[in-house]
2 protein chains.
Amino acid sequence: MIQPLDLCRSQLPNVRQALEQAEVLCQQRGTRLTDLRRRVLEIIWNSPAPLGAYAILDVLRNDGRQGAPPTVYRALDFLLEQGLIHRLATLNMFTGCRRPDCCHSSQFLICRDCGQVEELSNPAVDELLRDEAATRQFEVLAQMVEVLGRCPNCRGVAFHAR
Amino acid sequence: MIQPLDLCRSQLPNVRQALEQAEVLCQQRGTRLTDLRRRVLEIIWNSPAPLGAYAILDVLRNDGRQGAPPTVYRALDFLLEQGLIHRLATLNMFTGCRRPDCCHSSQFLICRDCGQVEELSNPAVDELLRDEAATRQFEVLAQMVEVLGRCPNCRGVAFHAR
DNA sequence: TTGATAAATGTTATCTTATAACAATTGTTA
DNA sequence: TAACAATTGTTATAAGATAACATTTATCAA
């Protein structure tokens, strides 16, 4: 008996939960999650795959909002600062952070075909890179680890129920 | 007695050597390192820090060459395919590959201040990421590991001679 | 050598991503 | 309420990348 699983979706926390957590975090930090910023965060979480700034802008305009690129980029800057979203450098796109509550270095598995992203947080990767840097007296400010490939769904990998 | 070291420079292979190696590799592979492609590779190697496509284009035009963006991007595509250069996704820039002869996954230490780049090739990083991917039945096509920070020179770190 | 073909480059136009600069609005606090 | 800071609106443009088609150059078979 074959039982296909939708791995990617099963790992997406729901949108409302992400928004509530963002609300709490910003309150704790004394930063302002304005309407615009909350809406941008919501748009990002609503999307199954990462979004580009201009795609987000399109949604905002569909909302009936005014807006130009800076509108979006400023909101994105805020959300990045707060650790509520990540920027995927290889795609020039943005995706919701799965663990906005704690500082962590992330690694991303990005599916070339469907665009869905899995966020990892393997401390060993972080440590290895820090060690390499330390050896060279290099001060680490940020890490960017992205693995491009194909997710199980897009590979057509079937899982057999045990 | 204090002995400052110029670590970054000391690791840059010289340009001629890089070009000769590229020549040999392309000959072995039956690919054509044309004048344009060789010149672009030379421009990249001549620069102490990574270059953007348009900066390369400017140099080409100073050469007296004709050219438009596609001219450069096509040459860059070829050099990337041949593994003679790397693209730094966080900077949208290109840098010469230190080990074009062997397939390898690279990690980069990128100095935010001076822009200089150190290329690492730590197999453990590669393996960790492959393991994480394998666990998730994710097929790896490419890895992008970039560490942004400050190099010893820009931190003002002094080295003491032993 | 020539003609046919493929590869590389030239050229124009356009698309995508991102930011600078300044104006208007909104929120906060003395 | 006035003064100030933060946020958002608006216009323009910079910077990175590619599509589409023309032209040139290299390669190779006849």
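Residue numbering restarts at 1 for every chain, and letters A, B, ... go by the order of the sequence lines.
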Problem set entry | side-chain contact (heavy atoms from CB on, under 4.5 Å), paired with A/Phe94, selected from A/Leu79, A/Leu80, A/Leu51 | A/Leu80

Could you state the atom-to-atom distance from [atom1] of [X] to [atom2] of [N] in whole Å?
X: B/Arg87; N: D/dG16; atom1: CZ; atom2: P; value: 10 Å
X: A/Leu51; N: C/dT16; atom1: CG; atom2: P; value: 15 Å
X: A/Leu57; N: D/dT11; atom1: CG; atom2: C1'; value: 14 Å
X: A/Leu76; N: D/dT7; atom1: CG; atom2: P; value: 15 Å
X: A/Leu91; N: D/dA17; atom1: CG; atom2: P; value: 13 Å

Electrostatic pair [X]:[Y] at N-O distance under 4.0 angstrom:
X: B/Arg74; Y: B/Asp77; result: no
X: A/Glu23; Y: A/Arg38; result: yes
X: B/Arg39; Y: B/Glu42; result: yes

Problem set entry | Chi angles and distances behind the side chain to side chain donor-acceptor pair (under 3.5 Å) call for A/Gln137, B/Arg155 | CA-CA 9 Å; A/Gln137 309 241 13; B/Arg155 293 172 66 196; 4.7 Å; no

Exercise. Nucleotide by nucleotide, 5' to 3', does protein get under 4.0 Å of the base (B), only the sugar-phosphate (S), or neither (-) in nucleotides 4-11 of chain C, counting heavy atoms?
Worked result: ---SSBBB

Problem set entry | Results of ring-ring contact (aromatic ring centres under 6.0 Å, His included) for B/Phe108 - residues two or more places apart only | B/His86

Problem set entry | Centroid under 5.5 Å and tilt under 30°, A/Tyr54 to C/dT17 | yes

Exercise. Within the pair A/Asn92 and C/dT16, is there a side-chain N or O less than 4.0 Å away from OP1 or OP2?
Worked result: no

For this session: Using only side-chain N and O atoms of A/Tyr73, determine if any of them is under 4.0 Å from OP1 or OP2 of C/dT19.
Result: no

